[in-house]
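Worksheet: one structure, shown below.
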There are 2 protein chains.
Amino acid sequence: MPQVSIKDIARMLNISVATVSRALHDRYDVKPETKRKVIELAEKLNYRPNSHAIGLLTKRTHTIGLVVPEIDNQFFSEIINGLESVAYQQGYNVMIFQSQNIYEREVKIIDQLISARVDGIAISLGSTTQDFRHLNMLKELDIPLVMFDRVHDSVFGHKIINDNFDGGYKAGEFLIKSGRQRLAHIAGPDTLKLSRLRLQGFKAALRDAQVELKPEYLVDTTFRLEDSYQTALDLLRLPEPPDAIFAVSDYVALGVLKAARELNLQIPRDLALIGFSNLSVGPLLEPPLTTISQHSFEMGQVTARILLENIESPVKDYKPQTRIFKPELVVRNSV
Amino acid sequence: MPQVSIKDIARMLNISVATVSRALHDRYDVKPETKRKVIELAEKLNYRPNSHAIGLLTKRTHTIGLVVPEIDNQFFSEIINGLESVAYQQGYNVMIFQSQNIYEREVKIIDQLISARVDGIAISLGSTTQDFRHLNMLKELDIPLVMFDRVHDSVFGHKIINDNFDGGYKAGEFLIKSGRQRLAHIAGPDTLKLSRLRLQGFKAALRDAQVELKPEYLVDTTFRLEDSYQTALDLLRLPEPPDAIFAVSDYVALGVLKAARELNLQIPRDLALIGFSNLSVGPLLEPPLTTISQHSFEMGQVTARILLENIESPVKDYKPQTRIFKPELVVRNSV
DNA sequence: TTGTACGCGTTATCAG
DNA sequence: CTGATAACGCGTACAA
């Protein structure tokens with residue numbers, strides 16, 4: 001007994017599909033008895049409307065596509081939750097896809113989303129994406145686009161971002177205030193704007209306080225634990241190692257933590273450490289990790305709101321908005 | 001310039017839709033020049049086939065629906081990654097949904113998946129789900145179903161599970177071998193089979209070693225950090241506190257860690273601690289957390305393989321398989 | 001080499 | 001109160 005259509009139901013009841021459709025929708029005047037029979041049979045056969053047929057007809061899917069680099073990252077899963085909470089409330093479904101930071105996959109996902117005729121798309125760019133045609137195409141297709149966190153200026157669409165410069169500045173400022181002098185930074189990939197901005201903010205804080213940033217104290221890494229651990233190890237083994245590290249993310253800070261432990265360095269006595277993103281394990285680490293927090297859930301909510309607004313009241317040539325969230329210093333014991 | 005169809009292209013080129021379709025598919029003999037013109041125009045207009053139309057026509061969507069309780073849980077996100085890796089390789093899309101452990105949401109998701117005519121469904125049951133009609137319905141609709149991790153016997157479908165009894169047994173056995181006597185267990189919600197099985201395995205290990213399990217050493221909690229922290233605090237404040245705790249999951253173990261630190265208990269000296277699931281932060285905790293590992297990525301892969309097998313070669317009344325993974329003890333320093 | 005026509009499931013319109 | 005039919009986008013069998 002495979003999936004049934006209203007046509008099947010109509011046939012079995014010897015009535016027309018139009019009547020079945022009306023009965024199912026409680027529309028117009030359908031003879032109560034007919035309605036009852038239809039509804040009962042539909043129930044019995046587990047009838048569910050075919051959303052492809054409806055999508056074809058109405059050109060609306062009440063679905064939004066969501067693309068993140070990876071799900072296994074608390075920052076993104078919190079954003080997803082914020083976004084879903086708003087979307088569901090407004091009767092929209094969310095289709096979640098992972099680009100895994102692979103450009104080709106990102107392109108393919110966008111193609112599929114267009115094919116699926118989603119009503120709008122929210123994306124956080126993959127770190128390797130350098131060509132943006134697949135995204136700028138969306139404007140021509142009248143598909144609303146909102147970028148969050150990992151955005152790029154040459155893409156037409158709304159932007160929901162953190163003030164990463166400010167976050168970097170706050171991190172540097174706090175480390176200096178706590179009396180450190182040999183400040184180091186483990187940056188993210190240079191291709192990511194957020195990496196560059198956090199670095200710039202950090203540098204600005206040092207400049208403002210007239211603290212020198214030694215070239216060998218500025219290194220970069222990927223977000224893989226192995227890499228950040230190795231990078232931290234190298235950094236801490238310098239003849240004159242830093243006395244404070246600002247890690248581009250909490251994930252990277254975990255690598256530093258491991259390296260420090262291996263070298264028998266006490267945090268915060270021998271080394272101050274500050275991360276970025278406020279993972280939920282942060283407070284449970286030893287020592288609890290000082291970090292910069294990002295309002296991820298709210299970012300997801302705002303992303304959804306702006307996207308849905310654009311979907312529900314489409315404007316021919318909309319003006320992309322930019323919404324900036326201020327990160328927050330969360331003081332714990334690692335500094 | 002909204003989305004175009006082959007009909008639009010046909011009109012603009014003064015040819016029939018059939019020719020356009022053929023040109024796009026590199027089918028039969030289409031005059032090279034016609035083909036070129038079609039492809040160029042399609043490219044220019046960013047034509048993408050409407051998957052609703054194709055789904056309607058072919059009754060295949062090459063999409064599988066995936067339902068997890070929550071994404072913000074490393075165990076599940078690893079399963080997702082395993083499942084996706086296999087699905088993509090075989091040309092299938094994955095639609096990911098979160099039930100948030102809310103029964104009504106789970107039902108609604110299943111309805112939507114049926115409406116979307118996905119080719120198959122993989123699900124990990126929500127912890128509050130007690131009525132399984134929405135899932136047993138899938139059998140009648142000929143939609144293949146695979147359950148993973150959180151399964152239930154009264155649902156018809158394949159099952160991919162961990163041997164949770166064995167995991168609990170290994171945890172208890174190891175704690176005893178390490179010389180502990182006052183063993184406690186912080187269990188998960190009793191509604192979850194995995195909670196009951198881990199507990200049973202744990203009890204069996206104690207029984208086999210003739211170690212008593214004091215009633216006050218057996219408590220349960222939800223998976224929320226707050227709750228497990230509070231529960232652990234209560235446990236450790238007993239007049240005679242346990243000297244070893246087996247936590248139903250690493251998340252819960254994090255709560256224990258926090259409670260122990262608050263009470264100035266040294267792990268493993270004053271208290272041995274073992275978790276379950278092998279979170280990636282485990283090795284970075286202080287002390288590195290001993291745990292039971294679950295092969296989550298492989299579970300996702302196997303889930304996908306079994307599901308796709310059923311999709312590609314459907315059998316009228318298939319015999320549900322059960323695939324059991326043996327958990328593994330991961331020894332670190334918390335015991 | 002190309003065109004016509006059908007049908008997939010649904011809703012809306014128009015006609016009874 | 002109910003039925004017939006067109007339309008959405010596509011692939012394909014059949015016809016030319």
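So you know, we letter chains A, B, ... as the sequences are listed, proteins then strands, and number each from 1. For clarity, every value in this text was computed on a predicted model and none was experimentally measured.
Residue pairs satisfying the side chain to side chain donor-acceptor pair (under 3.5 Å) criterion with at least one member in residues 86-96 of chain B, sequence neighbours excluded, are listed as follows: A/Gln112-B/Asn93, B/Arg60-B/Tyr92, B/Tyr92-B/Glu312. Evaluation of the ring pair (Phe, Tyr, Trp, His ring centres under 6.0 Å) test over residues 115-140 of chain B, restricted to residues two or more places apart or in two chains, returns B/Tyr103-B/His134, B/Phe132-B/His152.
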Quick one, A/Lys108 with A/Asp111, criterion salt bridge (charged side-chain N to carboxylate O under 4.0 Å, His left out). Give me CA distance, side-chain angles, the key distance, then yes/no. CA-CA 5 Å; A/Lys108 204 173 150 207; A/Asp111 280 353; over 6 Å; no
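Proximity of B/Val38 to B/Val30: side-chain heavy atoms (C-beta onward) are nowhere separated by under 4.5 Å. Taking the side chain as every heavy atom from C-beta outward, B/Leu308 and B/Val86 approach each other to under 4.5 Å. A heavy-atom distance below 4.5 Å is found between the side chains of A/Phe76 and A/Glu70. Inter-residue side-chain proximity for A/Leu41 and A/Tyr47 is flagged as unmet; no heavy-atom pair is nearer than 4.5 Å. Residues B/Leu66 and B/Thr303 fail the side-chain proximity criterion, which asks for heavy atoms closer than 4.5 Å. Counting heavy atoms from C-beta outward, A/Gln321 and A/Glu309 have side chains that approach closer than 4.5 Å.
Proximity of residues 7-20 of chain B to DNA chain D (heavy atom under 4.0 angstrom from any strand atom) is restricted to B/Lys7, B/Ala18. If you check residues 48-61 of chain B against DNA chain C, the residues with a heavy atom closer than 4.0 Å are B/Leu56, B/Leu57, B/Lys59, listed by number.
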Per-pair distances, 0.1 Å, donor-acceptor, side chain in residues 295-302 of chain B, under 3.5 Å, sequence neighbours excluded:
| from | atom 1 | to | atom 2 | distance (Å) |
| --- | --- | --- | --- | --- |
| B/His295 | NE2 | B/Lys326 | O | 3.3 |
| B/His295 | NE2 | B/Glu328 | OE2 | 3.3 |
| B/Ser296 | OG | B/Glu78 | OE1 | 2.3 |

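Between the P atom of D/dC8 and the CD atom of B/Gln3 lies a distance of 15 Å, rounded to the nearest Å. Going from atom CZ of A/Arg22 over to atom C1' of C/dC14 covers 11 Å, rounded to whole Å. The NE2-C1' distance, from A/His25 to D/dT2, rounds to 16 Å in whole Å. One atom, CG of B/Leu141, and another, P of C/dG9, lie 14 Å apart when rounded to the nearest Å. Separating the CD1 atom of A/Ile6 from the C1' atom of D/dG3 is a distance of 13 Å, rounded to the nearest angstrom.
Of all heavy-atom pairs spanning B/Ser127 and B/Asn101, the tightest one is N-OD1, 2.8 Å.
Summary of helix geometry: the two end axes of the helix from C/dT1-D/dA16 to C/dG16-D/dC1, each defined by five base pairs via their C1' atoms, are inclined to each other by 50° (rounded to 10°).
Heavy-atom distances to DNA chain C give each of A/Ser21 and B/Pro32 a nearest nucleotide, and the one nearer the 5′ end belongs to B/Pro32.
The base of C/dG9 does not come close enough to the side chain of B/Arg117 for any donor and acceptor atom to sit less than 3.5 Å apart.
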